Amino acid sequence: MDEPAMATLLIVDDELQVRKLLETLLQYEGYHTHSVASGEEALALVAEQPPDLILLDIMMPGMDGYEVANHLKNDPATANIPIIMLSALSEPSARLSGLQTGAEEFISKPVERVELWLRVRNLLRLKTYGDQLKTHSLMLEQQLRERGSETAKMNVHDLARLDLENALRQAVTAGEFQLHYQPKRTVADGQVCGLEALLRWERPGYGAVSPAVFVPILEQLGLIVAVGRWVIEHTCQQIATWQRGAIGAIEVSVNVSGQQLIEGDLIADIRQCLADAGVAPQWLEVELTESSLMENIQHTISSLQRLRDMGVKIAIDDFGTGYSSLAYLRRFPLDTLKIDIAFIREVTTNPQDAAIARTIIELAHSLNLRAVAEGVETPAQLAFLKEAGCDQVQGYLFSRPLPVPELERLLLTTRGA
Ligand SMILES: [Mg+2]
């Protein structure tokens, strides 16, 4: 799901240099920007031309960021505009006060380019989705108001969220999820060498909902453990079906949430699912994000070690934007590093991204890990990755994630059965 074309962002900061820097970074990412130097100007401009997102400095003379956010979030006309608070203060209390006003995100100064871009992009995606829900929610709000209940005080955002939560609970009970599979290819000979299983949800009456929207909610509702187990079970059965048929043996990776590792019995689930399907562990890989690995390091290392001893492969997903240090990386039992999509996007035009991608590939190889690049969309990106020694690639250049029948057709033609 892409953000709306040419989203307009409003930058509010009393410091000229910060405004200039943010304008440059965001315009470079293709956004329109407006900048103002005070909270008062910000409120006036928002009333006139509501932006798609606001970057709001906390410490400003006159009206500060908290006050501006309070105004905007308490006005139904502007409550849905996402706000990213900016602050040089790193204390958790500043962050909390910012979030309490209703701001969606918080970034510390000095602003880091990739973090800024990812947070802006993710929030805009959520807003697009929220806008889709608005009509439906307004209707619900009307119904509640008619009933005159306490809940009528809830705003549109809360209602849309509540509605989505209920739909997700229903999706879990009714088994509305599906898996699509995206092929990975070896850079050396272009052969399909594996697949990534990706969760899809077709919400009845709405159509496909982005996993970027529903997976975090499944996590917050504690439903990700059950859904994650279903993913593993379903994937193992699919691997077995392919092994018995014309497709043959193929490695499949599944995305695992940190919660499955900490709250669920991931190891027992995987062992059981592999045994039930009659699949050897070497055909399954689990992908964990860098940040989920860092949540409970000791427990994570010992769980992963047990999985690895069993023969299951382990990948770090979205590598490079999280917080793992090299010291930890060495202690995790790993097979694969997947370079975060943020570095691949402009790898051929941005020398910093190119340097980071090269470094991650070299790092992977020096630790005897394979390097996989996601989000490969152009021949130029592929040429760069080939030259840099990347092992595997995945992305729209070759194939989007496919439903099983389409994927099987692709595998049967390209694997030259
Ligand atoms: Mg992944």
Side-chain angles (χ1 to χ4, degrees), residues 1 114 118 121-122 125 177-187 192-201 208-216 218-219 224-225 227-232 234-236 238-239 250-261 264 266 270 283-295 300 304 307-308 312-324 329 332 334-345 357 360-361 364 369-377 381 385 390-403 407:
M1 202 163 86
V114 174
L118 287 172
R121 183 198 68 178
N122 293 351
R125 284 181 179 172
F177 297 103
Q178 269 197 325
L179 289 179
H180 285 190
Y181 297 87
Q182 188 170 37
K184 287 185 260 188
R185 296 185 186 244
T186 53
V187 172
V192 175
C193 53
L195 305 169
E196 178 176 1
L198 293 156
L199 194 59
R200 291 290 178 264
W201 178 41
V209 180
S210 166
V213 170
F214 73 79
V215 170
L218 285 177
E219 287 181 332
I224 197 71
V225 177
V227 176
R229 189 185 191 285
W230 174 85
V231 170
I232 292 164
H234 202 76
T235 301
C236 290
Q238 186 62 71
I239 297 173
I250 187 154
E251 184 187 297
V252 184
S253 52
V254 292
N255 294 285
V256 166
S257 151
Q259 268 182 42
Q260 285 172 269
L261 209 53
L266 182 71
I270 290 180
W283 299 108
L284 186 70
E285 180 172 68
V286 297
E287 294 189 5
L288 281 138
T289 63
E290 199 179 357
S291 41
S292 70
L293 284 177
M294 302 309 289
E295 265 165 34
T300 304
L304 294 184
L307 268 183
R308 192 96 182 305
V312 172
K313 297 197 175 73
I314 297 161
I316 298 195
D317 210 357
D318 307 336
F319 185 77
T321 50
Y323 310 95
S324 63
L329 203 56
F332 287 120
L334 298 172
D335 297 276
T336 306
L337 284 191
K338 291 188 92 173
I339 308 167
D340 193 283
I341 201 165
F343 302 116
I344 304 302
R345 202 164 150 259
I360 297 176
I361 293 166
L369 309 176
R370 55 186 176 186
V372 179
E374 287 184 284
V376 180
E377 294 180 354
Q381 289 169 337
L385 291 163
C390 188
D391 303 291
Q392 298 178 6
V393 280
Q394 179 181 344
Y396 279 45
L397 179 60
F398 313 101
S399 173
R400 63 188 169 87
L402 297 171
L407 175 81

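Every number for a ligand or one of its atoms is a count from 1 in the order of the listing. As the structure is a prediction and not an experimental result, all values here were calculated from the model.
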May I have the step-by-step check of side-chain hydrogen bond (donor to acceptor under 3.5 Å, both in side chains) for Lys338 and Ser253, ending in yes or no? CA-CA 12 Å; Lys338 291 188 92 173; Ser253 52; 5.0 Å; no

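Rounding to the nearest 0.5 angstrom, the gap separating the CD1 atom in Ile250 from the SG atom in Cys193 is 8.0 Å.
The Mg ion (ligand 1) is closest to atom OE1 of Glu287 (considering only N, O or S atoms).
Metal site remark for the Mg ion (ligand 1): Asp317 contributes an N, O or S atom at a distance under 2.8 Å. Using a cut-off of 2.8 Å, one finds that Thr289 contributes no N/O/S atom close to the Mg ion (ligand 1). Look at Asp318 and the Mg ion (ligand 1): no N/O/S atom of the residue is under 2.8 Å from the metal.
Applying the side-chain hydrogen bond (donor to acceptor under 3.5 Å, both in side chains) test between Glu196 and each of Gln182, Gln394, His180 identifies Gln394 as the sole match.
Atoms OD1 of Asn255 and OE2 of Glu196, as seen from the Mg ion (ligand 1), are separated by an angle of 90°, to the nearest 10°.
You'll find the side chain of Leu334 reaches within 4.5 Å of the side chain of Leu329, heavy atoms only. Between Ile316 and Leu369, every side-chain heavy-atom pair lies at or beyond the 4.5 Å cut-off.
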